[in-house]
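Chain naming here is simple, since letters A, B, ... match the order of the sequence lines and numbering starts at 1 in each.
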Amino acid sequence: MAFVMQISLAQEKSVSGTVTSVSDGLPLPGVNVLVKGTTRGVQTDFDGNYAIKVSTGETLVFSFVSMVKKEVVVGSSNTIDVTMQEDIAALDEVVVVGYGTKSTVNETSSASVVSADQMEDRPIAGVNNLLKGFSTGVVVNAGSGQPGAGSVVRIRGISSLNAGTEPLYVIDGVPVISGDYSRLNTTSDVLSSINSNDIESMTVLKDASATAIYGARAANGVILITTKSGKSGSPRFGFSIESGFNEKAVDGPRNLTAAEWAELVDEGLVNALGSAYEGYTNDRLNPNGVDTNWGDAIERGTANQQQVNFSVSGGTDKLRYFSSLGFFDQESIVRNSMFNRTSGRLKVTYKLSDKITIGQNINAGFTNLKTLSSGGGFANPMLAKYFARPSDPVRNEDGTFYIGPAGNPRMSNGLFNVPMLLENNFNKARTLKLTGITDFSYDITENLNFSSRLSLDNTMIEEDSYQNPLHGDGFTPKGRAYAYDTRVFDYVFQNSLNYDFNLGDKNNFSVLLVQEAQKNHYRNVSASSEGYGKGGFYTVSVGSNILGAAGTRSQSTNAAYLGSLSYNFDNQLFLDATFRREGNSNFAEENKWGNFWSVSGAYDVAKGLDFDASSVNELKVRVSYGQVGNASIGSTSSLEYFSFGGEYGGRIPLFVGGVANPDLTWEVNKPLNFGLDFGLFNNRLTGSFDYFIKKTEDLLYSIPLSLTTGQTSKFVNAGSLENKGFEIGLGGRIFDNDFKWNSRINFSFVENELTSLLQNDVISGTKILREGESINTYYMRKWAGVDPANGDPLWYINGKDGATTNVYSKAERATQGNSLPNYTGGFINNFSYKGFSIETMLTFAFDYKVYDGWAAYLQSAGSYTLSYPGYANNLDRWQEPGDVALNPKNVYNNSNQNQATSTRFLYDGDHIRFSNLQIGYDFTKVFPSSTFSSVLLYLRGTNIITYTFDDLLEHDPETRTSGVTDLDLPPLKSYTVGVKVSF
Amino acid sequence: MKNIYKILFAGLFLLTVTACSNDFLENEQFSTTPQNIESVEDLKALMSGAMIRSKDVTYYGRDMIVFGTVRGDVAFSDANSGRFRSPAYYNMISTDAYAADTFTQIYRVIGQLNVIINSTFQNASREAEIKNIKGQALVWRANAYLDLLKLYGQEHTGGTLGVPLILEYNTGADKPARATVAETHAQITADFEAGIALLEESGTLKGPKDLINYYSANGLAARYYLYKNTPESIQLAYDRASVVIGNTDYKVVGADLYLNSFSENLTSQNSIFEIAVGDKARLGTNSLAYIYKKQGYGDIRPVADFVNSFDAADIRSKAFTVTNGNKYVSSKYPDMSGNNSIKFLRFEEVLLTRAEANLILGIDPVEADNDVNRVVTNRGLAPFVGVTLAQVREQRKKELFFEGQTYWDMLRQGLDIPQYDPAGNLVDTHVYGQDPKLIFPIPQRELDVNKNIQPNPGF
């Protein structure tokens with residue numbers, strides 16, 4: 001080794017003491033005790049005791065998750081007892097696994113941390129959904145009330161047009177597979193196989209300082225998930241059990257009763273075809289006076305919710321372990337839609353010698369998912385609610401399902417009896433996700449560490465789908481079944497070298513060198529067959545007509561080298577620099593490698609000015625700038641190719657495909673961030689403020705081609721866009737005695753602007769890409785209401801205001817707002833008094849629009865009402881001159897285009913949601929127990945109130961990122977009661 | 001103990017170095033191959049690919065056939081499922097999905113055919129096969145441009161614009177303008193003639209019914225030349241039809257087999273060309289059967305006057321079935337799972353084409369009688385003596401209804417087009433040569449991207 005460090009060892013002595021919590025006086029195990037400016041440190045044992053060798057004059061830093069960091073200068077005493085205070089706004093000192101033993105969250109980073117206690121036991125299946133409201137700069141869209149559904153996470157806006165926009169998920173230091181890999185089910189998320197109770201912290205990395213180290217996949221931000229670890233001490237057990245029920249968070253539009261439908265249909269027919277049609281509906285369509293509420297018919301009586309978690313952790317000075325078992329079960333309000341998960345985790349580290357530590361981190365998650373048909377599928381229950389006629393009965397008099405006439409079993413309007421399908425058909429997925437992380441750490445010298453980490457991540461999804469032969473899609477083929485298997489396997493291999501050293505006693509350096517390689521294998525096989533005579537059999541080979549089999553494979557790789565340097569002067573001035581060179585197999589030979597970097601600095605003004613601890617504790621300014629990349633495009637975008645598939649009269653075909661662009665290269669993302677962190681009045685008021693400008697250049701853009709080329713689009717690097725905004729996180733301990741009131745607000749603003757594009761005004765569906773506008777901008781005609789004189793639909797001719805027309809094609813399209821909320825956040829208030837505690841959270845989103853994607857059918861002023869009844873708001877229609885009505889004159893089969901795309905169905909999505917209310921009582925606080933450290937009984941409500949500002953918006957305001965509703969299952973409202981015991 | 005770590009350490013280091021070479025970043029492509037034509041088999045496969053693209057639901061799998069059926073005087077849409085409302089009710093707007101989807105799909109087929117037609121691949125020992133494939137591709141491109149011209153060209157609305165002519169596969173940023181109707185016709189004629197010549201030169205005149213051969217090429221050309229409706233082209237229609245009729249392998253299907261012939265895939269003796277579908281590629285709920293039959297969506301139904309115009313003895317009237325007093329066409333595309341091949345060209349049509357051309361030009365009235373009678377006597381009807389042009393045209397309509405021909409037959413005759421409401425009542429008439437709604441809009445998607453393309457007025 002070439003480095004020789006001169007570290008003068010002054011008089012070293014042994015100091016010991018006990019660390020306790022200010023709030024309850026109980027010992028704190030697992031507190032990090034570190035000699036400031038060095039890597040020397042220990043942890044407190046189960047009784048809060050520690051012992052460490054230090055020299056007089058050195059500073060001991062005590063830190064622990066969600067506690068205010070405390071520093072004590074070593075004096076003459078050999079005993080230093082410390083009390084620590086809770087810090088609701090704690091942003092630092094959360095255990096975060098980075099590369100090797102080195103954390104990747106710097107003092108100069110813009111990062112939000114959500115710790116375990118905020119996430120545990122919530123009745124939410126997907127870990128990413130838990131971030132909502134707790135972190136600034138993050139927008140989470142669940143889009144569907146399907147339990148276990150995939151959700152869309154956006155960090156600081158949307159930074160790409162056509163390349164991936166999902167953040168990178170890093171679990172225990174390893175980038176993992178995320179997203180939806182199901183093929184037969186309408187939605188799923190591989191991350192839902194992770195038990196949120198196993199998570200110690202989730203850290204959202206937002207600026208270049210934090211993300212550049214992850215290079216190419218960090219353009220959309222990074223979410224670091226660190227799982228729980230054992231702490232030395234005797235075993236600690238945790239057990240929680242929870243049970244409850246689910247409802248719809250928002251009722252959604254009401255469907256029509258038989259009488260209301262008859263009224264509308266008759267009126268529409270009379271208006272179109274004359275008075276001969278009066279009473280037509282009840283005479284001809286519904287002579288038996290049936291009145292079915294299909295909305296009720298698709299729902300369960302009660303939708304249950306339960307979870308059970310058990311964990312044990314502990315360790316000795318050499319061995320630490322954490323082991324857990326969990327079970328989570330959630331039913332949606334609609335039949336045949338559910339999710340459950342059984343998970344287990346074992347995390348062990350063992351110190352082989354003074355220098356060598358090995359670790360093994362194994363997680364197994366097994367999930368069962370049942371989803372429903374979505375969108376326009378006749379089997380979609382949400383479609384049935386509004387499309388099915390109330391004149392069709394659900395069941396016959398003998399209790400069996402009514403399925404329509406024999407030979408052509410359909411409802412009277414050609415649709416299906418969905419409750420029958422819910423009972424007899426299914427789409428299900430069983431996912432087994434196994435991950436194993438093997439760690440090896442070698443302290444070559446006291447300051448030089450080599451670590452190696454190998455992660456194997458295997459996800460197997462087995463999906464089955466069945467359509468019964470009696471009714472529905474399965475009728476014609478006499479029953480149909482599908483069996484699809486999908487496997488995603490990912491390995492990551494990381495080697496890192498970390499060297500920490502000091503120059504003098506105030507200049508602290510840390511150097512990190514990393515090599516990383518990742519390979520992803522994907523394969524699937526699919527089989528299907530038809531012809532199922534006997535009920536109860538769904539296996540593909542039971543079918544009399546095997547339809548066929550298919551299978552595909554793909555793989556991709558990336559490799560990276562990175563170096564990073566951290567410097568701090570006396571914990572007051574911080575400088576970080578990172579460089580990463582990364583290669584990606586998605587690009588052509590010459591364009592595979594990209595360079596990414598960041599530089600950042602921070603300065604704690606408070607340190608220099610030596611404030612009194614009761615006034616200013618921290619006042620840190622931060623700045624960072626860098627360049628990260630995005631390569632999330634298909635592996636064939638750079639290639640010109642022929643593809644295979646199918647057959648023509650038994651012959652093998654080739655298809656011209658792949659519009660090649662060999663010049664395609666990395667999309668570049670340049671985030672600039674200014675930040676301020678502060679702590680005032682003994683850290684009773686803490687907070688941070690960030691302002692950012694994130695520029696994306698060389699946008700990977702799927703440029704629409706003239707259709708005459710025979711292709712629709714081509715990937716190019718074209719254009720740039722910008723996301724800018726600010727984030728405010730403020731936390732306060734408002735009362736801090738027996739009665740405690742902690743409050744925190746997270747507020748984010750982000751504004752998106754397309755600054756340039758190869759091609760301006762690209763219109764697709766309801767949206768436009770136009771320079772100077774957000775990339776989520778709606779572009780459509782503007783509804784001017786109903787003409788009170790004659791009931792005609794009206795639109796503004798210029799798309800904005802002024803003169804109107806009743807001819808759709810004479811009205812121009814114009815920009816009409818955007819679909820991604822500009823303002824989002826959460827407001828958290830926690831109260832406690834002795835054993836009682838109340839935790840609340842409001843989440844909100846403002847300044848965005850939601851488009852009702854099916855209103856064209858469901859609110860058509862008579863165009864479709866005869867076949868498809870639609871929303872109850874059809875009743876509010878023009879009937880006679882002078883009427884000021886929501887909907888135009890009701891005319892059967894009208895062709896006035898009243899229902900064509902316009903702002904008539906575009907609503908403000910602004911809303912405030914009471915997302916979480918937990919009322920708890922901890923018995924041990926009142927009846928101290930030597931066995932139990934906590935026995936908490938709680939009641940929890942999730943999404944209990946949703947307030948929307950647009951009275952006309954009846955669907956849930958939280959929809960897909962596109963902003964367009966698609967008859968999805970409504971998000972859930974849950975009420976649960978639980979017991980949580982630790983001992 | 002120490003040595004083990006050293007070995008481990010060294011091993012890790014070695015892995016580090018080897019894992020990250022550039023080879024690591026090259027990955028196998030498992031389901032694509034570079035765009036090089038390396039064999040005659042590749043050319044054949046590309047032609048099969050073009051046919052698969054053609055049987056897409058947005059082209060001949062359903063939509064193209066329905067467009068030619070629901071417009072005209074034999075069919076209407078009862079709007080049951082809401083499908084084909086805009087073609088049926090002539091209220092398309094520029095963003096109409098039917099107009100956009102079919103436009104996209106036809107040009108996709110043309111792109112694929114251009115790769116075959118312009119291929120420079122050579123193989124001296126298999127030259128005849130290459131000629132045959134290129135001949136097929138040229139004929140199919142001619143037919144594709146004919147479809148584009150029918151749907152988007154202004155021939156029947158008083159305008160002069162045809163469609164953009166793309167003759168090379170090129171995925172650059174081309175933004176082509178529209179050729180004129182005359183230029184489009186010239187290209188179609190050139191492609192038909194060149195294709196037929198290559199098929200003839202190839203020496204293989206016959207082949208399976210699901211590929212274009214010399215005879216089916218002549219039959220398709222005859223159909224086109226009749227549609228083109230100039231004195232020269234009608235003579236060509238007569239000549240091309242005569243080539244097909246000269247092949248004695250093709251026979252009119254008898255009355256006893258008529259209904260069943262539509263269930264036969266690639267085997268019926270009257271079938272000249274079909275687009276294969278088959279069980280594995282079945283069209284399911286997107287099939288013609290689904291849109292025609294009560295058991296499916298049943299939207300497209302026959303007009304009452306047309307149904308009533310059939311003689312009771314006419315076997316073709318048995319194609320209609322009645323449910324709840326409503327009539328449906330149930331036997332032309334009978335299979336509800338949608339695996340019937342698409343009957344594209346039948347021998348009966350070629351006979352009627354020649355008879356029509358014959359009478360227009362006044363060539364040989366006896367031959368015209370014979371051609372028509374070969375059809376009608378196999379339908380349960382008495383033979384004609386001195387058949388008139390109007391009678392031939394009526395027989396053509398009765399023979400080919402719901403097979404996607406009626407609307408184009410009416411337009412080529414310059415007829416006004418009736419429009420029916422969902423109850424099947426006549427509600428409007430679109431004046432030939434004037435009403436812009438007789439054709440489809442150039443899709444808004446294309447207008448947005450391609451500033452050189454001129455829109456069709458009225459949308």
Query raised in the report: Just by distance, with hydrogens left out, do E274(B) and N265(B) show a side-chain donor and acceptor under 3.5 Å apart?
Result: no
Query raised in the report: What part of I106(B) gets closer than 4.5 Å to chain A, counting heavy atoms only: side chain, backbone, both or neither?
Result: neither
Query - Region of I652(A) in contact with chain B, defined by heavy-atom distances below 4.5 Å - result: backbone
Report summary line: Turns out that what part of N450(B) lies under 4.5 Å from chain A's heavy atoms comes down to side chain
**Report entry** Q899(A) versus Y808(A), side-chain donor and acceptor atoms under 3.5 Å
**Finding:** no
Report task. Kindly write out the residues that satisfy side chain to side chain donor-acceptor pair (under 3.5 Å) with Q444(B), not counting sequence neighbours, or none if the list is empty. Result -> S94(B), D448(B)
Requested in this report: Name the region of Y290(B), side chain, backbone, both or neither, that has any atom closer than 4.5 Å to a heavy atom of chain A.
Outcome: side chain
**Report entry** Selection from P405(A), G414(A), G583(A) maximising heavy-atom pairs under 4.5 Å formed with chain B
**Finding:** G583(A)
Query raised in the report: What part of N114(B) gets closer than 4.5 Å to chain A, counting heavy atoms only: side chain, backbone, both or neither?
Result: neither
Query raised in the report: Under the salt bridge (charged side-chain N to carboxylate O under 4.0 Å, His left out) test, which residues partner E41(B), sequence neighbours left out?
Result: R126(B)
Query raised in the report: Which atoms of I93(B) come close to chain A, meaning under 4.5 Å heavy atom to heavy atom: side chain ones, backbone ones, both, or neither?
Result: side chain
Report task. Below 4.5 Å from any heavy atom of chain A, which atoms of I110(B) appear? Answer side chain, backbone, both or neither. Result -> neither
Query raised in the report: Can N286(B) and R83(B) be counted as having a side-chain donor-acceptor contact under 3.5 angstrom?
Result: no
Requested in this report: Could you tell me which portion of V277(B) (side chain, backbone, both or neither) has an atom closer than 4.5 angstrom to a non-hydrogen atom of chain A?
Outcome: backbone
